[in-house]
**Student:** 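Structure provided below as structure tokens; questions to follow.
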Number of protein chains: 2
Amino acid sequence: MVSPAQSSFSPARKTYLVGSRPDIRVPMREIPLTNGSTVVLYDTSGPYTDPAHTADLEKGLPPLRSAWRSPDDTASCGGTGSCGGTLAEGRSSTGALTQRARARRGEITPEMEFVALREGVTPEFVRDELACGRAVLPANVNHPESEPMIIGRNFLVKINANIGNSAVTSSIEEEVDKMRWATRWGADTIMDLSTGRRIHETREWILRNSPVPVGTVPIYQALEKVGGKPEALTWEVFRDTVVEQCEQGVDYMTVHAGVRLAYVPLTARRKTGIVSRGGSILAAWCLAHHAENFLYTNFAELCEILASYDVTFSLGDGLRPGSIHDANDEAQLAELRTLGELTRIAWEHDCQVMVEGPGHVPMNKIKENVDLQMEICSEAPFYTLGPLTTDVAPGYDHITSAIGAAMIGWYGTAMLCYVTPKEHLGLPDRDDVKAGVIAYKIAAHAADLAKGHPGAQAWDDALSDARFEFRWEDQFNLSLDPDTARSFHDETLPAAPAKTAHFCSMCGPHFCSMRITQDVRAYAERNGLTDGEALTAGMREKAEEFRREGGRVYLPMPALPGEE
Amino acid sequence: MVSPAQSSFSPARKTYLVGSRPDIRVPMREIPLTNGSTVVLYDTSGPYTDPAHTADLEKGLPPLRSAWRSPDDTASCGGTGSCGGTLAEGRSSTGALTQRARARRGEITPEMEFVALREGVTPEFVRDELACGRAVLPANVNHPESEPMIIGRNFLVKINANIGNSAVTSSIEEEVDKMRWATRWGADTIMDLSTGRRIHETREWILRNSPVPVGTVPIYQALEKVGGKPEALTWEVFRDTVVEQCEQGVDYMTVHAGVRLAYVPLTARRKTGIVSRGGSILAAWCLAHHAENFLYTNFAELCEILASYDVTFSLGDGLRPGSIHDANDEAQLAELRTLGELTRIAWEHDCQVMVEGPGHVPMNKIKENVDLQMEICSEAPFYTLGPLTTDVAPGYDHITSAIGAAMIGWYGTAMLCYVTPKEHLGLPDRDDVKAGVIAYKIAAHAADLAKGHPGAQAWDDALSDARFEFRWEDQFNLSLDPDTARSFHDETLPAAPAKTAHFCSMCGPHFCSMRITQDVRAYAERNGLTDGEALTAGMREKAEEFRREGGRVYLPMPALPGEE
């Protein structure tokens with residue numbers, strides 16, 4: 001049986017935009033409509049939805065970016081999962097240039113060309129945005145399986161899905177399945193937040209099979225290495241963990257280098273203290289040693305390591321608010337100022353950088369977050385969790401946070417980290433992963449529309465046209481989730497004729513406004529009644545004719561099951 | 001078996017705030033917490049969640065407002081469903097004064113006192129808001145079963161749930177159950193949009209059993225009376241239908257009097273024409289007769305009828321946009337200007353008025369809608385459907401629209417009409433009704449928070465406190481939907497000890513940031529480490545002590561099933 005995660009979106013076809021060399025093939029989803037036209041959408045689902053691809057999780061995805069490697073880049077670990085389970089010591093980067101460094105040199109890499117095609121912009125625009133730091137293109141030289149994508153506020157808003165097992169539950173197989181399921185529904189990146197045993201092996205399976213960039217929080221694995229005791233952490237353990245993950249191919253890493261010793265007391269009067277796992281671990285370390293955060297004091301060396309693999313920094317907001325009460329407080333803003341300082345240091349090392357953001361924020365304080373981040377962090381891309389706009393709805397935090405995510409995306413956030421319905425309550429299963437991804441695709445697209453992103457509205461227009469013209473199959477196929485749209489329609493009107501009916505069960509045939517409008521419009525156009533002035537000036541004879549033409553606005557309809 | 005719609009929210013208790021007379025008893029939900037405190041929330045669920053109440057749908061709810069009647073008000077139809085099924089001709093209001101008229105006379109009615117207690121404001125404030133038209137208190141003298149509530153932007157944001165059968169599906173019993181289910185989860189009003197057979201009887205059952213105001217769109221029933229042919233409608237048929245519904249006790253009515261003949265051609269270039277059912281019916285009538293909308297030309301007489309029962313106008317936006325493409329276009333704005341004109345006419349008749357709004361609107365155009373409505377309609381309460389912020393997610397329009405609803409509520413909309421997951425696809429069942437209500441309670445509360453409504457944040461704070469202190473049961477009981485929060489937690493950690501565990505399955509015990517924070521905070525406070533300056537100035541001995549105290553920040557934890 002084919003896994004649901006890799007079935008194609010029939011009747012949609014996988015198509016490829018080909019670049020200046022034949023191996024630059026940008027995947028898109030082409031949806032054929034019943035009126036003969038097609039709609040082409042951005043596609044994150046990877047080779048799994050291409051019928052020409054035979055998935056083999058043991059083998060991993062084809063290393064599409066291997067052939068693009070410059071001679072001065074490091075050798076990869078093979079892309080076949082062969083290095084799984086062993087620490088890849090001795091193999092280290094020999095100093096690959098980052099996409100940022102190449103952009104600053106004026107170079108257009110195959111990755112840049114790929115994302116330019118994918119976003120519908122020029123390669124020069126991509127290069128400029130990367131060079132000035134307003135965008136990142138996470139692409140570890142050791143993760144050649146990933147399809148290049150770009151994160152920046154002048155591109156489509158992206159979403160991330162967190163997966164990963166905990167000490168309490170779930171298996172590697174489940175996590176790989178969640179990764180494929182998340183990208184199928186639209187996740188632009190995934191983060192593996194595993195904290196249990198077999199962290200390395202889980203990550204290896206995910207990396208070798210992931211068509212999207214993979215992020216991690218290395219402090220989790222470092223903590224496992226020291227028996228779960230924060231005060232036992234050292235810079236050396238952390239550094240070795242980072243090198244291990246760089247070798248494997250992690251594309252971006254959350255580093256809580258902004259949780260400085262002096263900021264920890266600022267959280268004392270909070271309702272919910274420190275809610276970032278990484279932030280709380282480092283706060284515990286700082287207090288235990290009464291010393292400055294070792295990530296802060298060793299940041300320059302960290303930059304050198306990440307730069308040599310082109311691993312992108314995601315500067316973690318370890319002091320993000322965990323409740324409406326704590327939003328935009330001094331602890332958060334103090335850390336943000338440090339993240340600005342670190343952004344500029346990382347840029348000096350030609351590292352790519354994005355900056356993480358809240359959290360829980362009421363709507364009236366969201367814009368302030370974005371404005372401050374842009375100013376303080378010199379426009380480095382903002383990557384936010386939610387934010388949740390209220391604390392009172394556990395079980396529905398994909399919705400409380402989709403509200404905040406849509407708004408913060410509109411205001412300028414480049415990537416939105418999803419929240420699932422299980423947030424605060426438990427580990428998300430695959431249904432929760434889908435629910436979170438769909439809610440965030442909605443938020444991201446709503447933000448694209450509000451920002452006036454060129455081309456974003458074409459999708460809405462195509463679906464609205466299909467809706468108005470009662471092309472039900474087209475409406476389903478154009479939906480963010482065709483399966484759900486189709487099944488909801490079938491619940492009340494399951495018979496096949498309902499798929500061509502000029503109404504739905506919501507209103508029934510006599511009250512379908514769209515149908516009435518169509519009749520009205522057809523009549524008005526046929527008779528030149530398209531001008532308000534002329535109408536009120538008087539054309540009563542036209543009205544007579546309208547009545548004579550049939551005495552009714554409705555067309556005769558066949559009876560449907562259940563219709564009265 | 002007790003219907004789920006009337007089971008109490010155990011352990012929450014139904015309590016009542018008593019006013020200046022013993023029969024002014026305002027229902028509230030009191031949630032006892034395990035730390036000995038209580039949280040009291042606004043409650044819309046009616047007598048059904050009071051164990052002292054024995055529900056009898058045949059008999060209907062007690063007519064609590066009957067005793068408040070002034071001698072000059074009309075006699076009720078009995079409140080027992082006895083007038084069901086027959087047109088109550090001959091029984092008409094003898095000229096009740098509206099809440100607006102009484103407010104303008106300086107009178108504080110029992111209804112005003114009731115809502116003042118319910119909202120935590122003074123009765124004088126309620127009266128002032130009603131007198132100037134910035135709020136409405138929908139309370140037909142013939143619906144004495146309803147618990148008074150107020151709609152206005154200086155009060156809590158309210159939500160409406162649409163129910164009602166169509167020609168295609170569902171029964172009266174199902175609709176009454178949906179009404180009770182919707183109010184249980186927080187619907188402040190419901191609209192009965194039935195269009196099939198037995199419209200009068202369905203409405204009678206709903207009215208006699210509804211603890212919240214009931215709205216309708218009378219043109220639907222009028223259309224049924226003329227065989228479903230818009231062009232056969234007459235002012236007389238419509239007027240008689242309105243009187244019939246006033247007699248029954250409908251609290252507010254949507255009237256599409258702003259769909260003027262000259263505006264119909266303005267919809268010609270739209271993607272989705274006219275998507276309001278009422279709007280399309282009246283547009284068809286206007287074109288068929290080449291005449292001005294009979295609701296517009298007879299508006300003064302309509303005002304007299306509604307005023308005499310104190311039925312509130314909901315001026316329908318028949319030309320609201322049905323797609324992102326059509327948002328804020330000239331058709332919509334032309335109608336809005338007419339609604340402003342009609343608002344002032346209705347006010348001259350001392351009618352209460354609210355004004356309906358869109359629809360489908362991208363985020364960047366939402367604020368303009370509210371600002372224009374306030375200006376053009378002289379601050380009459382705005383009552384909006386959504387708006388949906390994108391068209392591409394049928395099956396998830398409770399989310400696409402909760403985003404818009406939260407924002408428009410923040411900007412000043414007084415009541416949000418819910419959208420369910422079935423929007424555009426089918427008739428909502430009871431699960432959809434709950435999903436829509438919960439999404440809209442989230443939007444309304446997020447708006448209250450953003451507006452800085454006094455007291456709104458206390459709920460979030462109480463839940464965040466419970467979360468931080470691992471009072472799981474309190475967290476569940478304080479949730480908008482305790483059942484879902486509890487069951488999601490149980491899915492991954494079902495054992496009873498997990499309810500007192502200081503972590504959840506999301507992170508497991510070693511990675512629980514809140515737990516680490518608590519340990520850090522306790523240690524810091526014990527040792528005076530609550531000042532950043534002092535910390536950095538050096539107190540290394542304290543750090544030594546922290547390590548000596550146990551060498552770990554975690555407390556020993558009992559093993560749980562599944563924990564590794």
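We name chains A, B, ... by the order of the sequence lines, and we start the count at 1 in each one.
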**Student:** Taking the side chain as every heavy atom from C-beta outward, state whether B/His489 and A/Pro394 have any atom pair closer than 4.5 Å.
**Tutor:**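 No. Closest side-chain heavy atoms not under 4.5 Å.
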**Student:** Quick one: pull up CG in B/Asp460 and OG in A/Ser323 and give me the separation to the nearest 0.5 Å.
**Tutor:**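 One finds 8.5 Å between CG of B/Asp460 and OG of A/Ser323.
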**Student:** State, to 0.1 Å, how close B/Met363 and A/Ala406 come at their nearest heavy-atom pair, and which atoms those are.
**Tutor:** CE-O, 3.1 Å
**Student:** Quick one: does A/Tyr396's side chain get under 4.5 Å of B/Ile442's, heavy atoms only?
**Tutor:** yes
**Student:** Got a second to check how far B/Met407's CE is from A/Ile366's CD1, nearest 0.5 Å?
**Tutor:** 8.5 Å
**Student:** Looking only at heavy atoms and a cut-off of under 4.5 Å, which of A/Leu463, A/Thr389, A/Val392, A/Thr390 has the most pairs with chain B?
**Tutor:** A/Val392
**Student:** What part of B/Ala447 lies closer than 4.5 angstrom to a heavy atom of chain A: side chain, backbone, both or neither?
**Tutor:**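 Answer is both: backbone and side chain atoms of B/Ala447 are under 4.5 Å from chain A.
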**Student:** Give, for atom CD1 of A/Ile324 and atom CD of B/Gln457, the distance between the pair rounded to the nearest 0.5 Å.
**Tutor:**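 Rounded to the nearest 0.5 Å, the CD1-CD separation comes to 7.0 Å.
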**Student:** Please report the interatomic distance CG(A/Leu425) to OG(B/Ser487), rounded to the nearest 0.5 Å.
**Tutor:** 8.5 Å
**Student:** Side chain from CB out, backbone as N, CA, C, O: work out which of these in A/Arg260 comes under 4.5 Å of a heavy atom of chain B, or both, or neither.
**Tutor:** neither
**Student:** Who passes side-chain hydrogen bond (donor to acceptor under 3.5 Å, both in side chains) against B/His398, sequence neighbours left out?
**Tutor:** none
**Student:** Can you say whether A/Leu478 sits under 4.5 Å from chain B via the side chain, the backbone, both, or neither, judging by heavy atoms?
**Tutor:** backbone
**Student:** What part of A/His325 gets closer than 4.5 Å to chain B, counting heavy atoms only: side chain, backbone, both or neither?
**Tutor:** both
**Student:** Relative to chain B, which segment of A/Pro421 carries a heavy atom at a distance below 4.5 Å: side chain, backbone, both, or neither?
**Tutor:** both
**Student:** Which atoms form the tightest heavy-atom contact between B/Phe488 and A/Lys422, and what is the distance?
**Tutor:** CG-CE, 3.7 Å
**Student:** Looking at every non-hydrogen atom in both residues, tell me the closest pair between B/Ala393 and A/Leu480 and how far apart they are.
**Tutor:**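 So the minimum-distance heavy-atom pair works out to CB-CD2, 4.1 Å.
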**Student:** Are the side chains of A/Asp429 and B/Glu491 in contact, using a 4.5 Å heavy-atom criterion?
**Tutor:** yes
**Student:** Quick one: does B/His360's side chain get under 4.5 Å of A/Ser464's, heavy atoms only?
**Tutor:** no
**Student:** Check whether any side-chain heavy atom of A/Trp410 sits under 4.5 Å from a side-chain heavy atom of B/Ile403, and report yes or no.
**Tutor:**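 Heavy-atom side-chain distance check fails, nothing below 4.5 Å.
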**Student:** For chain B, which candidate among A/Val275, A/Asp461, A/Ile438, A/Leu388 shows the most heavy-atom pairs at distances under 4.5 Å?
**Tutor:**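 The residue among A/Val275, A/Asp461, A/Ile438, A/Leu388 with the greatest pair count is A/Asp461.
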**Student:** Starting at CG of A/Leu449, measure out to CG of B/Asn364 and round the result to the nearest 0.5 Å.
**Tutor:** 8.0 Å
**Student:** What part of A/Thr400 lies closer than 4.5 angstrom to a heavy atom of chain B: side chain, backbone, both or neither?
**Tutor:** both
**Student:** Does any heavy atom of chain B fall under 4.5 Å from the side chain of A/Asp326, the backbone, both, or neither of them?
**Tutor:** neither
